[in-house]
Amino acid sequence: MSEEKSLNFLEEIIEADIAAGTHGGRVHTRFPPEPNGYLHIGHATSICLNFGLAKKYNGQCNLRFDDTNPVTEETEYVENIKNDIKWLGFTWDNELYASDYFEQLYNFAATLIGKGLAYVDDSTAEQIAATKGSTTAPGTDSPYRNRSIEENLQLFAEMRAGKYKDGEKTLRAKIDMAHPNLLLRDPLMYRIKHEHHHRTGNQWCIYPMYDFAHGQSDSIEKITHSICTLEFIHHRPLYNWFIEQLGIFPSHQYEFARRNLTYTVMSKRKLLQLVNEKHVTAWDDPRMPTISGMRRRGYPPEAIRQFCDTIGIAKRENIVDISMLEFCVRENLNKTANRFMAVLDPIKLIVTNYPEGQEEIFDVENNPEDPNGGTRKAPFSRTLWIEREDFMENPTKKFFRLGVGLKVRLKAAYIVQCEGFAKDDAGNVTEVHCTYLPESKSGNDTSGLTVKGTIHWVSAAHAKTAEVRMYDRLFRVEDPSSEDGDFKDYINPESMHVLPEVYIEPELANAREGDRIQFMRKGYFCVDKDSAPGKLIFNRTVTLKDAWAKEQKKG
RNA sequence: AGUUCGAUUGUGUAACGGUAGCACAACAGACUCUGACUCUGUUUGUCUUGGUUCGAAUCCAGGUCGAACUACCA
């Protein structure tokens with residue numbers, strides 16, 4: 001046995017609870033999204049945490065939609081959220097909805113009225129805000145605060161019956177208008193909304209506030225460890241107040257710091273804005289930090305889980321370097337993605353001593369990291385496409401590729417030596433001329449030569465074409481939300497660059513939507529859902545690490 | 001200003017009164033039929049001032065800085 005991985009603060013709490021026999025040692029968590037947007041990488045942390053904790057401690061984890069606001073919520077979001085959680089690799093024990101509890105919550109409210117702990121208020125939103133007080137000044141009591149229990153009960157029933165218009169009345173908890181915690185200054189419990197709800201239809205015209213639904217929903221489900229983000233820490237005393245006054249199951253809430261990522265934004269409001277204002281194509285645009293965007297980009301679910309595990313969990317503010325995520329993606333893809341050759345920025349290479357019309361088929365290993373990965377066939381001929389950047393007219397000292405007099409290995413084929421090149425009238429190099437060494441054939445090399453560089457290639461006569469979408473980070477700055485002005489001013493104009501026609505080796509033409517592969521020396525790519533028969537589209541998932549680029553930057 | 005939470009290298013996270021460690025990033029090198037992968041090595045840190053203690057990142061007190069709260073959103 002080696003040293004155990006240290007526990008995070010939530011695991012410590014849970015293990016202490018188990019040791020103390022709290023709730024009989026039972027562990028029950030839940031993931032409680034509101035179906036008003038798509039899940040993002042921040043939610044992934046919460047998902048991994050809640051489902052992971054339940055699994056680790058042989059407990060259960062519910063999926064509960066906190067659908068208390070009919071105006072913003074839609075079934076489309078419900079379906080996508082479920083899909084994303086499944087794709088991440090998690091299975092919920094129960095699929096539940098806060099709206100399932102509307103009748104019970106109504107009864108809870110009536111109970112509190114009956115105990116003199118809630119009242120119907122005729123004040124307007126403005127009046128309530130004005131009497132709220134401030135962080136330094138106490139609020140003032142509503143003139144409706146001391147209505148009789150009977151009157152409150154009747155008015156509340158009338159609210160439910162649809163007797164009043166939106167905003168005409170609310171139900172408020174009767175706590176303390178001078179409480180230092182503003183949330184305990186007679187918070188709203190119910191508001192009137194004559195709106196259609198995605199699940200309950202037109203059954204209700206009053207809806208509970210999140211604060212009057214969330215804690216009790218946890219309680220109803222007998223959640224033992226109710227885990228949420230830091231901003232709800234001020235709400236905990238209110239949830240506890242409701243639970244205590246109602247005398248129901250004492251769920252306990254624990255808060256952790258939400259994860260932020262460099263070079264992106266994470267609030268649903270901002271993400272929705274990017275979609276609505278067409279800065280990206282959709283919620284699942286590969287540049288979005290959404291789960292669906294990352295899936296489309298080609299991030300494997302294992303990599304996202306690994307990332308969540310690596311960055312851990314704590315209570316302090318943070319902004320995680322995106323390179324940490326990219327590392328996890330590369331680490332996974334390196335082991336799992338088959339290699340192919342694709343030439344993104346082509347220039348012709350002519351093997352001058354290779355007979356016209358001759359061709360050979362080479363076996364190329366699919367994945368050097370996987371001994372059982374097998375091989376594929378790649379045709380070779382006299383005229384090839386190579387990468388423009390693999391040739392230099394005046395090669396620098398550390399350039400291990402092509403230039404007159406230099407030798408390179410053509411991956412899985414021959415060593416070639418550059419003898420010359422051709423230019424067009426504008427002075428652009430159009431062709432590179434090389435001779436090959438027949439005795440240097442891959443796998444059967446008797447040339448005795450070693451070359452420093454190996455480059456990829458595609459036979460011009462056999463090449464297929466594809467579109468490639470080169471993605472980069474969505475923002476130019478590490479933390480767009482903390483910069484001056486609008487966060488959208490910091491969108492990276494180069495976040496997507498489309499290469500309409502690149503050359504790919506023929507075997508790749510069989511790739512299917514969602515396939516994750518490596519273009520040798522260029523990066524990891526994934527077949528996009530926009531692909532059509534005969535028209536493949538690849539998304540660049542992430543580049544390879546590039547030591548040469550760094551070398552060049554040094555000048 | 002009040003309340004609450006927080007502060008460990010560039011970033012994230014450990015150390016639970018006893019050697020400040022790990023990962024990413026960065027840098028240097030080895031290896032390489034991917035300038036990838038892999039391997040080796042290096043640099044950088046306990047917000048501050050006091051106190052308790054043989055000994056403090058850890059406990060106590062004061063300060064500083066940061067975040068959240070003042071929606072009929074969640």
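What you see is a predicted model, and the numbers here were worked out from it, not measured in a lab. Residue numbers begin at 1 in each chain, while the letters A, B, ... track the order of the sequences. In what follows, every heavy atom counts, from backbone to side chain, and hydrogens, waters and symmetry copies are set aside.
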Under a 4.0 Å N-O cut-off, is there an ion pair linking [X] with [Y]?
X	Y	answer
A/Arg64	A/Asp218	yes
A/Lys377	A/Glu507	no
A/Lys522	A/Glu389	yes
A/Lys335	A/Asp370	no

Whole angstrom value for the distance that separates [atom2] of [N] from [atom1] of [X]:
X	N	atom1	atom2	answer
A/Leu333	B/U34	CG	P	18 Å
A/Asp546	B/A26	CG	C1'	16 Å
A/Phe232	B/U70	CZ	P	11 Å
A/Glu231	B/A71	CD	P	16 Å
A/His197	B/C73	NE2	P	13 Å
A/Phe380	B/C33	CZ	C1'	14 Å
A/Leu325	B/A23	CG	C1'	14 Å
A/Leu188	B/A71	CG	C1'	10 Å

Reckon A/Arg191 has a side-chain N or O less than 4.0 Å from the OP1 or OP2 of B/C73?
yes
Are A/Lys132 and B/C69 close enough that a side-chain N or O sits under 4.0 Å from OP1 or OP2?
no
Between [options], which one does the side chain of [X] approach most closely?
X	options	result
A/Ser323	B/U34, B/A23, B/A25	B/A25
A/Leu544	B/A36, B/A74, B/C72	B/A36
A/Ile319	B/U11, B/C33, B/A71	B/U11
A/Met520	B/U11, B/U34, B/G12	B/U34

Taking atom [atom1] in both [N] and [M], compute the distance separating them and give it to the nearest angstrom.
N	M	atom1	value
B/U48	B/U11	C1'	23 Å
B/A36	B/A26	P	12 Å
B/G12	B/G50	P	28 Å
B/A14	B/C72	P	37 Å

Carefully, step by step, assess A/Tyr190 and A/Tyr207 under the rule ring-ring contact (aromatic ring centres under 6.0 Å, His included).
CA-CA 6 Å; A/Tyr190 269 90; A/Tyr207 291 94; 8.7 Å; no
Students often get this wrong, so: under 4.0 angstrom with heavy atoms, is A/Ile313 touching a base, only sugar-phosphate, or nothing?
sugar-phosphate
For the residue pair A/Tyr97 and A/Phe65, categorise the inter-ring angle as parallel (less than 30°), tilted (30 to 60°) or perpendicular (more than 60°).
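A/Tyr97 and A/Phe65: parallel rings.
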A/Arg147 and A/Asp122: CA distance, side-chain angles, deciding distance, salt bridge (Lys or Arg N to Asp or Glu O under 4.0 Å) verdict
CA-CA 11 Å; A/Arg147 291 217 248 230; A/Asp122 297 1; 2.5 Å; yes
Identify the pairs formed between an N or O of the protein and an N or O of nucleotides 2-9 of chain B at a distance under 3.5 Å, and give each distance.
from	atom 1	to	atom 2	distance (Å)
B/U8	O4	A/Arg316	NH2	3.4

With salt bridge (charged side-chain N to carboxylate O under 4.0 Å, His left out) as the rule and sequence neighbours excluded, what pairs involving residues 175-198 of chain A come up?
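For residues 175-198 of chain A, and leaving out neighbouring residues, the salt bridge (charged side-chain N to carboxylate O under 4.0 Å, His left out) pairs sorted by first residue read A/Arg145-A/Asp186.
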Tell me if the side-chain of A/Ser442 makes a donor-acceptor pair with the base of B/C33, cut-off 3.5 Å, by modelled atom types.
yes
Are A/Leu105 and A/Gln216 close enough that some pair of their side-chain heavy atoms sits under 4.5 Å apart?
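A/Leu105 vs A/Gln216: side chains touch.
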Return yes if a side-chain donor-acceptor contact under 3.5 Å exists between A/Asn152 and A/Tyr119, otherwise no.
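No.
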Distance alone, cut at 3.5 Å: any donor-acceptor contact between the side chains of A/Tyr77 and A/Asn36?
no
Please produce a list of atom pairs where a protein N or O lies less than 3.5 Å from an N or O of nucleotides 37-40 of chain B.
from	atom 1	to	atom 2	distance (Å)
B/C37	O2'	A/Asn334	ND2	3.0
B/C37	O2'	A/Glu369	OE1	3.3
B/C37	O2'	A/Glu369	OE2	3.2

Might you work through the salt bridge (Lys or Arg N to Asp or Glu O under 4.0 Å) test for A/Asp100 and A/Arg199, ending with a clear yes or no?
CA-CA 9 Å; A/Asp100 292 341; A/Arg199 294 190 83 242; 2.8 Å; yes
One should report the stems of RNA chain B, each a stretch of at least three consecutive Watson-Crick or G-U pairs at distances under 3.5 Å, as B:2-7 with B:64-69, B:10-13 with B:21-24, B:26-30 with B:38-42, B:47-51 with B:59-63
Using a 3.5 Å cut-off and no angle test, enumerate the donor-acceptor pairs between side-chain atoms of residues 408-415 of chain A and protein atoms at least two apart in sequence or in another chain.
from	atom 1	to	atom 2	distance (Å)
A/Arg409	NH1	A/Ala413	O	2.9
A/Arg409	NH1	A/Ser440	O	2.7
A/Arg409	NH2	A/Ser440	O	3.4
A/Arg409	NH2	A/Asp445	OD2	2.8
A/Tyr414	OH	A/Glu360	OE1	2.8
A/Tyr414	OH	A/Glu360	OE2	2.6

Output one line per pair: protein atom, nucleotide atom from nucleotides 28-30 of chain B, and distance, for all N/O pairs under 3.5 Å.
from	atom 1	to	atom 2	distance (Å)
B/A28	OP1	A/Lys554	NZ	3.4

Ring centres of A/Tyr106 and A/Phe156 under 6.0 Å apart?
yes
For a salt bridge (Lys or Arg N to Asp or Glu O under 4.0 Å) check, start with the C-alpha distance between A/Glu221 and A/Arg30, then their side-chain angles and the critical distance, and finish with the verdict.
CA-CA 9 Å; A/Glu221 295 172 20; A/Arg30 100 271 92 118; over 6 Å; no
When you match A/Leu183 and A/Asn8 each to their closest nucleotide on RNA chain B, which lands nearer the 5' end?
A/Asn8
